[in-house]
Amino acid sequence: MTAARPILGADEVVRYAFRQGPGRDLVAPLGPPERPLTTSFGLLPADVATDRMCPLAWGTVDLLEDTAYPHTCPVPGMSIRDRIQHALVMAFGLQRREPSNLFNDHRACASVRSRFPVHTFVNTASEAWLLDVYRHGLLPIRDSSPDWPDQGPVHVALAGRYTHLPSLYGRLRGPLVELELGISLRSLLVGLEVFGLAGGTDVQLPGAGAGALMAQLGLAPAAEWTVPLSVAVHEPGQPQPARAITDDPSPTPPAIAVQTEDDDDPTLAEAVAVNRASLEVPAVAHPGSSGGGGALPDGRRPAGRSWSEVLWNRSAGRMPRELAGVSGRRRRVPAAAIADAVAWLAVTPPTSPLEAVARRITISACVQDAEGYPTGWYRVHQGGLDLDHGDPTLPARLEACYGQGLSIEAGCAVRHANMVWLLSADAAALVDEFGPGGWTFAQYVCGWMAHGLCLSAAAHGLYARPSRAFDEFLLHPIVGMRAGEMVLISVVSGAGRFTEPMLDLRT
């Protein structure tokens, strides 16, 4: 059973944000522990054909092994087809399996429980394919051919399936999946840039053609999916291709389903309705795509590692014996590790609307054991870190605010972390400026920033753990956050304590 998307007001979206942040333990507790963990994890979209496949190019790991982070891969003579395929493998391909981890397998970008709810599609005006990293190929959707398109513009679309996360996550399914959309967008554009396609991409935010694109990609039931982000890919210097799906000229956003009876989470429809509000961000106030922007930081700082090693090391932290959380240890890091993280944060996300939203995100951090940085609370300002106040006890005080504390069943290494990044915003002010859809756009932006922090951490031998785990009521007085300011995502980064042999899955 489905219902048309309701028109949400600003107050409804702000209340939705409050219930998943400061209000989650007051007015919106999660369901009882016996609630079933309904999930679509492991299921392909119904229209995907598995009896035929377009194989991807092999040898991405070898190319990345020969490419120093954070530089680009020499691609003389490599076809645009092969460059796109190598970029897809770099961005989303399998990396490793960890024997002691509760959740496997691991890829180049972080994901809740390794569920990877964001799916990657390749599409043209008439055909579409799903990226299957286990088959190392593209699976045709419906009657699409099992061959790479040789005519017409190629698009890569990203869409998140909320139900890939267990229903126990409740309202957090919405922001977590949308944060991963931002992470996946950054990972895709990094891959395209590394393989020589910087300036050959055009990011297209969901618009009036979203319903048609969802139908072409086979995103059914629509009430389980986000509206897709789309990236047009062409040879740099060539004219930008037209959209693969022609937008409906009507200014009225499409009515896309928001409710389903196939899931036991009563808040799912609410998350989907908020996502659909992103179709209504005023285009006049924040026009168009800036197009062709890069995803890598300026002033490339070599870290002595190849891209292959960086992606292999990208980790949210580890624990032994399938325990939850993360173990860590104190380790002094060079100032370059901080500078590299700030440089990744400074790269603005693509499209004018996301750039405008990014300017409303406050970036702050607790730093310790870093050369040239006294332990304390810092704020990012004009491309650098400004000390707000020094406090040697701050890391331990922040750990007391973290939701998953240290126990016999879980590790917590906030007190040992070199960096604890907070990306926050005033939800009411954000919605007031950008409309109800501004909340969803903010998730994309914070995911974009978080993936940069994850890559820079891996380049310096650190883990980086994105999460929505801090209790804002405890956090606010410690770090001096303003009333109404909410943490959209945190990234805890430091040196790991536990290591073990891992199964290499790279191709």
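Only a predicted model underlies this, so the values are computations on that prediction, with no experimental measurement involved.
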Test side chain to side chain contact (heavy atoms under 4.5 Å, CB included) applied to L158 and F92, step by step:
CA-CA 11 Å; L158 304 171; F92 306 114; 3.9 Å; yes

Determine whether Y378 and D388 satisfy the following criterion, side chain to side chain contact (heavy atoms under 4.5 Å, CB included), listing intermediate values before the conclusion.
CA-CA 5 Å; Y378 293 78; D388 184 86; over 6 Å; no

Stepwise side chain to side chain contact (heavy atoms under 4.5 Å, CB included) check, H155 with V122:
CA-CA 6 Å; H155 286 61; V122 173; over 6 Å; no

D391 vs R397, salt bridge (Lys or Arg N to Asp or Glu O under 4.0 Å): CA-CA, chis, key distance, verdict:
CA-CA 10 Å; D391 182 355; R397 295 170 67 200; 2.6 Å; yes

Output, in order, the C-alpha distance, side-chain angles, deciding distance and verdict of side chain to side chain contact (heavy atoms under 4.5 Å, CB included) for R415 and R330.
CA-CA 9 Å; R415 68 194 182 281; R330 297 282 292 272; over 6 Å; no

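Every pair passing salt bridge (Lys or Arg N to Asp or Glu O under 4.0 Å) that includes a residue from residues 311-329 is listed here, sequence neighbours excluded: E98-R318.
Formation of a donor-acceptor pair under 3.5 Å by the R97 side chain with backbone atoms of N104 is not found in this model. A donor-acceptor pair is defined here as one N or O able to donate and one able to accept, closer than 3.5 Å; no such pair exists between the side chain of E235 and the backbone of I80. For the pair R186 (side chain) and A295 (backbone), a donor-acceptor distance under 3.5 Å is present. Checking side-chain atoms of S144 against main-chain N and O of A128 turns up a donor-acceptor pair under 3.5 Å. Between the side chain of E399 and the backbone N or O of P395 there is no donor-acceptor pair closer than 3.5 Å. Counting only distance, with no hydrogens or angles, the side chain of H106 and the backbone of F103 share a donor-acceptor pair below 3.5 Å. Judged by distance alone, with hydrogens and angles left aside, the side-chain atoms of E193 form a donor-acceptor pair with the main-chain N or O of L296 at under 3.5 Å. Looking only at distances, a side-chain donor or acceptor of S111 sits under 3.5 Å from a matching main-chain atom of F116. Of the possible donor and acceptor atoms, one in the side chain of R173 sits under 3.5 Å from a partner among the backbone N and O of L165. Not one N or O on the side chain of S327 forms a donor-acceptor pair closer than 3.5 Å with the backbone of G411.
Between L398 and L475, the closest side-chain pair of non-hydrogen atoms falls below 4.5 Å. A heavy-atom distance below 4.5 Å is found between the side chains of C454 and P466. Looking only at side-chain heavy atoms (C-beta outward), M419 and L453 stay at 4.5 Å or farther from each other. In this structure, S230 and F121 have side chains that are not in contact, with every pair of non-hydrogen atoms separated by 4.5 Å or more. Using a 4.5 Å heavy-atom threshold, the side chains of M449 and W421 count as separate. Proximity of L423 to S490: side-chain heavy atoms (C-beta onward) are nowhere separated by under 4.5 Å.
Side chain to side chain, T163 and S40 meet the donor-acceptor criterion of an N or O pair below 3.5 Å. For the residue pair Q368/N418, the side-chain donor-acceptor check at 3.5 Å is not satisfied. With 3.5 Å as the limit, one finds a donor-acceptor pair spanning the side chains of S467 and Y402. Residues R113 and Y169 bring a donor and an acceptor atom of their side chains to less than 3.5 Å of each other. With 3.5 Å as the limit, one finds no donor-acceptor pair spanning the side chains of N313 and Y463. For the residue pair E178 and Y162, a side-chain donor N or O sits within less than 3.5 Å of a side-chain acceptor on the partner.
Considering OG1 of T50 and CZ of R135, their distance stands at 5.5 Å, rounded to 0.5 Å. How far CZ of F441 is from OG1 of T351: 7.0 Å, rounded to the nearest 0.5 Å. Here the OG-NE2 distance, from S184 to H119, works out to 11.0 Å after rounding to the nearest 0.5 Å. Note: L430 CG to I361 CD1 = 6.0 Å, rounded to the nearest 0.5 Å. Distance check, rounded to the nearest 0.5 Å: CH2 of W307 to CG of L455 gives 5.5 Å. The distance from the CG atom of L311 to the CG atom of L64 is 6.0 Å, given to the nearest 0.5 Å.
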Please tabulate, for side-chain N and O atoms in residues 334-349, each donor-acceptor pair with protein atoms closer than 3.5 Å (sequence neighbours left out).
| from | atom 1 | to | atom 2 | distance (Å) |
| --- | --- | --- | --- | --- |
| D340 | OD2 | Y69 | OH | 2.7 |
| D340 | OD2 | H460 | NE2 | 3.3 |
| W344 | NE1 | Y69 | OH | 2.8 |

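With respect to R81 and D150, no salt bridge is recorded, no charged nitrogen being found less than 4.0 Å from a carboxylate O. Ionic pairing of R305 and E65 is not present here: no N-O contact between side-chain nitrogen and carboxylate oxygen is shorter than 4.0 angstrom. Looking at D386 and R379, no side-chain N of the basic residue comes within less than 4.0 Å of a carboxylate O on the acidic one, giving no salt bridge.
Ring planes of F195 and H86: parallel class, angle under 30° (limits at 30 and 60°).
More than 12 non-hydrogen atoms from other residues, nucleotides or ligands lie less than 6.0 angstrom from CD of E500.
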